[in-house]
Amino acid sequence: MKLDEFLRLNAPEELALMTGAIADACITVWDSIPTKSGLLSSTNPSGETQKAIDVFANDLFAESIVATGCASEVASEEMSEPAEGKGPVSVAMDPLDGSSNVETNNPLGSIFGFYSKKLPTSGRNLLGALYVTYGNVITLTFTFGKGVHRFVAVRDGPKMSFELLGVNLVLPEKPEVYGFGGFRSEWIPPVRDFVDSLEGRGLRIRYCGTFVGDYNQVLSRGGVFAYPELVKRPKGKLRILYETAPMAFLNEQAGGYASDGRRNILDLQPASLAETSPAYLGSAALVKELEGKVSSG
Ligand code: FDP
């Protein structure tokens, strides 16, 4: 099944239009990585300076989403003020997650959260969440609050289009992988002790350095991803509105659980657009166990 048809049958109108616009834009972003990322020269054939790929991705996604008429605002870390629109939905995005992976050709991603209230707001006001993976294939994984669904980009004549890969994805029963960001020596002790126990329980380390890529493995194979509380960085690294709340919402729809170490990430009330928190997400039993250890110190 094609994405357009699926959206027509299964998505609220505004989310369908914005998802369609993101699907088109992400193909252009992917196409632009070699020329706009610094992999090739930073000037184009006419001698104009190219924008960095993350600024390019930001501008393209923001313009495409605003053009649907469905967004009231589109916020991202690349913009000092959100882009304004005339629709009802607030969109928070990380237009190019893991940009330090460009040079090494490791996976990249994009994350979008669709909120019913003005930003900043809690993840409880999410209507939907979507992430793109730019790996060996491009996938769109999303939820509108009724299951998690995935599409893959395939060539369709001169264009690319998205075909259904799976509906109602759930985290596998048996967890297989884990990936934790930051330096081990800087993790708080309960996190270090927990990670030390994982290999004895049959989990393998898998860490590619992109939140989207690392979480995507957890969704497919079961396990836990974290960017934990660090001794000198108690609020972690990942941004609540742009990154962890949308992924927490999607993860919950896939049967998982996401915590900041003390509470459900969806219950956090960020006071600013770029507020960060520690993030632990994946298979519910593992994340609840880790939350218990972190919260009791
Ligand atoms: P990046 O800085 O490359 O954009 O969101 C930021 C992020 O990547 C995440 O995608 C990734 O999980 C994390 O930072 C990696 O951080 P470390 O290099 O500190 O592990």
Side-chain angles (χ1 to χ4, degrees), residues 26 29-30 33 36-39 51-58 61 75-79 92-113 120 123 129-135 138-139 141 177-188 191-192 194-195 198 205-221 223-251 256 258-261 265 268 270 272-282 287 290:
C26 77
V29 167
W30 173 77
I33 293 172
K36 294 197 193 296
S37 64
L39 279 180
K51 286 189 208 173
I53 185 69
D54 29 16
V55 178
F56 175 78
N58 178 78
F61 282 129
S76 97
E77 196 130 289
E78 301 293 338
M79 296 182 278
M93 65 174 179
D94 182 352
L96 201 66
D97 176 49
S99 39
S100 52
N101 270 351
V102 167
E103 236 180 282
T104 53
N105 195 22
N106 273 7
L108 300 170
S110 302
I111 306 171
F112 301 85
L130 179 161
Y131 69 85
V132 183
T133 60
Y134 311 92
I138 306 173
T139 58
T141 306
V177 296
Y178 71 95
F180 280 53
F183 289 110
R184 177 175 282 257
S185 58
E186 294 171 1
W187 296 343
I188 54 170
V191 167
R192 236 182 298 160
F194 178 78
V195 172
L198 289 177
I205 186 164
R206 286 287 182 272
Y207 190 71
C208 72
T210 302
F211 178 28
V212 163
D214 285 312
Y215 173 73
N216 195 53
Q217 299 200 59
V218 168
L219 177 54
S220 301
R221 301 181 64 189
V224 52
F225 168 82
Y227 202 102
E229 177 178 341
L230 306 179
V231 175
K232 292 195 181 142
R233 205 171 175 178
K235 296 201 100 188
K237 176 178 184 188
L238 302 181
R239 282 85 40 95
I240 300 167
L241 283 170
Y242 306 134
E243 298 178 287
T244 58
M247 297 299 259
F249 183 68
L250 187 144
N251 182 60
S259 173
D260 74 341
I265 284 181
L268 299 177
S272 67
L273 292 174
E275 189 170 324
T276 63
S277 83
Y280 309 91
L281 62 163
V287 177
L290 178 53

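First listed ligand is number 1; within each ligand, the first listed atom is number 1.
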Visitor: At what distance is the nearest protein heavy atom to atom 10 (O) of ligand 1, and which residue and atom is it?
Guide: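 Looking at atom 10 (O) of ligand 1, the protein heavy atom closest to it is D97 OD1, 2.6 Å.
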Visitor: Closest by any non-hydrogen atom to atom 16 (O) of ligand 1: pick that one out of R239, E77, K237.
Guide: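 Looking at heavy atoms only, the winner is K237.
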Visitor: Who's the nearest protein heavy-atom neighbour of atom 11 (C) of ligand 1, and how far?
Guide: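 Here the closest protein heavy atom is G209 O, 3.4 Å.
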Visitor: In terms of relative ring orientation, are F180 and F194 parallel, tilted or perpendicular, with 30° and 60° separating the classes?
Guide: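 Tilted.
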Visitor: Would you say F183 contacts ligand 1, with heavy atoms under 4.0 Å as the rule?
Guide: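 Contact check F183 vs ligand 1: negative.
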Visitor: I'd like to check whether D94 has a polar contact with ligand 1, where a contact means an N/O of the residue lying under 3.5 Å from an N/O of the ligand.
Guide: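 No - when backbone and side-chain N and O of D94 are compared with those of ligand 1, no distance drops under 3.5 Å.
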Visitor: Could you say whether the N/O atoms of T210 and ligand 1 ever approach to under 3.5 Å?
Guide: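 Between T210 and ligand 1, no N or O pair is found under 3.5 Å apart.
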Visitor: Is there at least one pair of N or O atoms, one from F225 and one from ligand 1, spaced under 3.5 Å apart?
Guide: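 No; every N/O pair is 3.5 Å or more apart.
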Visitor: Mark yes or no for whether D214, through its side chain, and C208, through its backbone, hold a donor-acceptor pair below 3.5 Å.
Guide: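 Yes, because the side chain of D214 sits within donor-acceptor range (under 3.5 Å) of the backbone of C208.
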Visitor: Just to be sure I'm reading this right: ignoring hydrogens, which of F180, F211, Y242 gets closest to atom 12 (O) of ligand 1? Compare them by their nearest heavy atoms.
Guide: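 Among F180, F211, Y242, the closest heavy atom to atom 12 (O) of ligand 1 comes from F211.
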Visitor: So, taking the atom named CZ in F112 and the one named CG in D94, what distance separates them when rounded to the nearest 0.5 Å?
Guide: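 CG of D94 is found 8.5 Å from CZ of F112.
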Visitor: For G181, take its heavy atoms, then give the atoms of ligand 1 lying under 4.0 Å from any of them.
Guide: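 Going through ligand 1 atom by atom, the ones under 4.0 Å from G181 are 20 (O).
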Visitor: Give the contacting part of D214 toward ligand 1: side chain, backbone, both or neither, where contact means a heavy-atom distance below 4.0 Å.
Guide: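 D214 to ligand 1: no contact under 4.0 Å from either part.
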Visitor: So which protein heavy atom does atom 19 (O) of ligand 1 come closest to, and at what separation?
Guide: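 So the nearest neighbour among protein heavy atoms is Y227 OH, 2.9 Å.
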Visitor: State, with a plain yes or no, whether a side-chain heavy atom of L250 is found less than 4.5 Å away from one of L219.
Guide: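 Side chain of L250 against side chain of L219, heavy atoms only: contact under 4.5 Å found.
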Visitor: What residue among T141, T210, D97, T139 forms side chain to side chain contact (heavy atoms under 4.5 Å, CB included) with T133?
Guide: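 It is T139, the one option of T141, T210, D97, T139 that forms the side chain to side chain contact (heavy atoms under 4.5 Å, CB included) with T133.
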Visitor: What protein heavy atom lies closest to atom 4 (O) of ligand 1? Include the residue and the distance to one decimal.
Guide: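 Of every protein heavy atom, G98 N, 3.2 Å lies nearest to atom 4 (O) of ligand 1.
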Visitor: Has N101 got a side-chain atom pairing as donor or acceptor with P107's backbone, closer than 3.5 angstrom?
Guide: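 Flag set: sc N101 to bb P107 pair under 3.5 Å.
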Visitor: Ignoring hydrogens and angles, tell me if any N or O in the side chain of W187 forms a donor-acceptor pair with the backbone of G181 under 3.5 Å.
Guide: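 Yes; judged by distance alone, with no hydrogens or angles, the pair exists.
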Visitor: Do V218 and V177 touch side chain to side chain, with heavy atoms closer than 4.5 Å?
Guide: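 Yes, close enough: below the 4.5 Å cut-off.
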Visitor: Keeping the roles fixed (side chain from S110, backbone from P95), state whether a donor-acceptor pair exists under 3.5 Å.
Guide: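 Yes.
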Visitor: Would you mind checking which non-hydrogen protein atom is closest to atom 5 (O) of ligand 1, with the distance to 0.1 Å?
Guide: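 Ranking protein heavy atoms by distance from atom 5 (O) of ligand 1, first comes E243 OE2, 2.7 Å.
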Visitor: Atom 20 (O) of ligand 1: which protein heavy atom is closest, and how many Å away?
Guide: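 In this structure, atom 20 (O) of ligand 1 has Y207 OH, 2.6 Å as its nearest protein heavy atom.
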Visitor: Indicate yes or no: does an N/O atom of S100 lie under 3.5 Å from an N/O atom of ligand 1?
Guide: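 Yes - when backbone and side-chain N and O of S100 are compared with those of ligand 1, one distance drops under 3.5 Å.
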Visitor: Check whether any side-chain N or O of S220 sits under 3.5 Å from a backbone N or O of Q217 as a donor-acceptor pair, and report yes or no.
Guide: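 Side chain of S220 to backbone of Q217: no pair is present.
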